[in-house]
Amino acid sequence: STLSAIIFLLITFFVQAQNNKIDSLKNELSVHTKSDTTKVILLHELANAYLEKDSSKTMVYLEESQALAQIINYERGFARALFTKGTFELSKSNYNGAIELLGKSEALYSKLNSEEVRAECFFKIGIAYYNQFKFEKSVTYLKKSNALYNNISQTRKTIKGLKFKG
């Protein structure tokens with residue numbers, strides 16, 4: 001049918017786009033030999049590109065990104081690697097691992113004043129506890145997440161209001 005053909009073409013296009021992105025990132029990485037924040041970001045992007053495709057390669061690139069971030073003392077890159085690893089563990093139903101990694105990531109993002117990512121960490125920890133049937137802990141973390149999101153939303157509204165008063 002026509003619908004099947006369209007779905008097949010869309011899937012083919014998506015797979016080709018992912019392969020192009022991976023090839024492009026690998027090429028950038030091979031050219032960028034300096035151990036700096038750019039390399040950490042490239043490694044992390046490569047890990048994300050493999051996320052749906054090859055979980056072992058995802059972890060290899062995340063480990064490399066995290067290790068380099070630690071060596072060059074790039075806290076945001078280190079926190080981002082922990083966050084992505086925690087999200088990955090959550091998707092694999094390794095809830096304890098997810099809680100540990102996301103908790104470490106949240107602590108770093110707290111130091112970096114990244115409220116939005118902290119809210120995401122709390123949300124995902126809440127989901128992990130929910131999936132373990134630990135509903136009280138789940139609600140605690142979901143409330144923390146909600147409070148941060150509300151604070152962020154209120155701050156954005158205030159900024160918009162100030163822009164219009166101009």
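Keep in mind it's a predicted model, so treat the numbers as computed, not measured.
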Quick one: are Leu142 and Ile125 in side-chain contact, heavy atoms under 4.5 Å? no
Salt bridge (Lys or Arg N to Asp or Glu O under 4.0 Å) contacts touching residues 87-106 (sequence neighbours left out): Glu100-Lys104, Glu106-Arg118
Which atom names give the shortest non-hydrogen contact between Asp36 and His32, and what distance separates them? OD1-NE2, 2.7 Å
If you measure from NZ on Lys39 to CG on Leu29, what distance do you get to the nearest 0.5 Å? 6.0 Å
Residues that Asp54 engages under side chain to side chain donor-acceptor pair (under 3.5 Å), provided they are two or more places apart: Ser56
Under the salt bridge (Lys or Arg N to Asp or Glu O under 4.0 Å) definition, can you give me all pairs with a residue in residues 139-151, not counting sequence neighbours? none
The reported gap from CZ in Phe88 to CG in Leu62 (rounded to nearest 0.5 angstrom) is 8.0 Å
From OG (Ser55) to OH (Tyr50), nearest 0.5 Å: 12.5 Å
Between SG on residue Cys121 and CG on residue Leu108, distance to nearest 0.5 Å: 9.5 Å
Report the residues that fulfil salt bridge (charged side-chain N to carboxylate O under 4.0 Å, His left out) with Glu28, sequence neighbours left out, ordered by chain and then residue number. none
What residues, two or more places apart in sequence or in another chain, satisfy side-chain contact (heavy atoms from CB on, under 4.5 Å) together with Asn131? Tyr95, Ile127
Enumerate the side chain to side chain donor-acceptor pair (under 3.5 Å) contacts for residues 57-80, please, sequence neighbours excluded, ordered by first and then second residue. His44-Arg80, Glu45-Arg80, Glu63-Lys85, Gln66-Lys85, Glu75-Lys111, Arg76-Ser114
Please step through side-chain contact (heavy atoms from CB on, under 4.5 Å) for the pair Leu82 and Leu102, ending with a clear verdict. CA-CA 7 Å; Leu82 289 172; Leu102 291 165; over 6 Å; no
Determine, using the 4.5 Å side-chain heavy-atom cutoff (strictly less than), whether Ile71 and Val40 are members of one ILVMFWY cluster. yes
Checking the side chain of Asn96 only, and the main-chain atoms of Ile99 only, is there a donor and an acceptor separated by less than 3.5 Å? no
ring-ring contact (aromatic ring centres under 6.0 Å, His included) against Tyr109, all qualifying residues, sequence neighbours excluded: none
ILVMFWY network linking Phe78 to Ile72, side-chain heavy atoms under 4.5 angstrom: no
Under the rule for ring-ring contact (aromatic ring centres under 6.0 Å, His included), what residues qualify as partners of Tyr129, not counting sequence neighbours? Tyr141
Using the test side-chain contact (heavy atoms from CB on, under 4.5 Å), find all partners of Ser145 that sit at least two apart in sequence or belong to another chain. Ala119, Phe122, Phe123, Tyr149
Hits for side-chain contact (heavy atoms from CB on, under 4.5 Å) against Asn27, two or more places apart or cross-chain, chain-then-number order -> Ser30, Val31
Leu101 side, atom CG; Leu90 side, atom CG - distance, nearest 0.5 Å: 11.0 Å
A side-chain contact here means heavy atoms from C-beta on lying under 4.5 Å apart; do Thr84 and Asn48 qualify? yes
Going by side chain to side chain donor-acceptor pair (under 3.5 Å), name the residues that satisfy it together with Asn146, two or more places apart in sequence or in a different chain. none
Under a side-chain separation threshold of 4.5 Å, the hydrophobic residues clustered together with Tyr130 are Phe133, Phe135
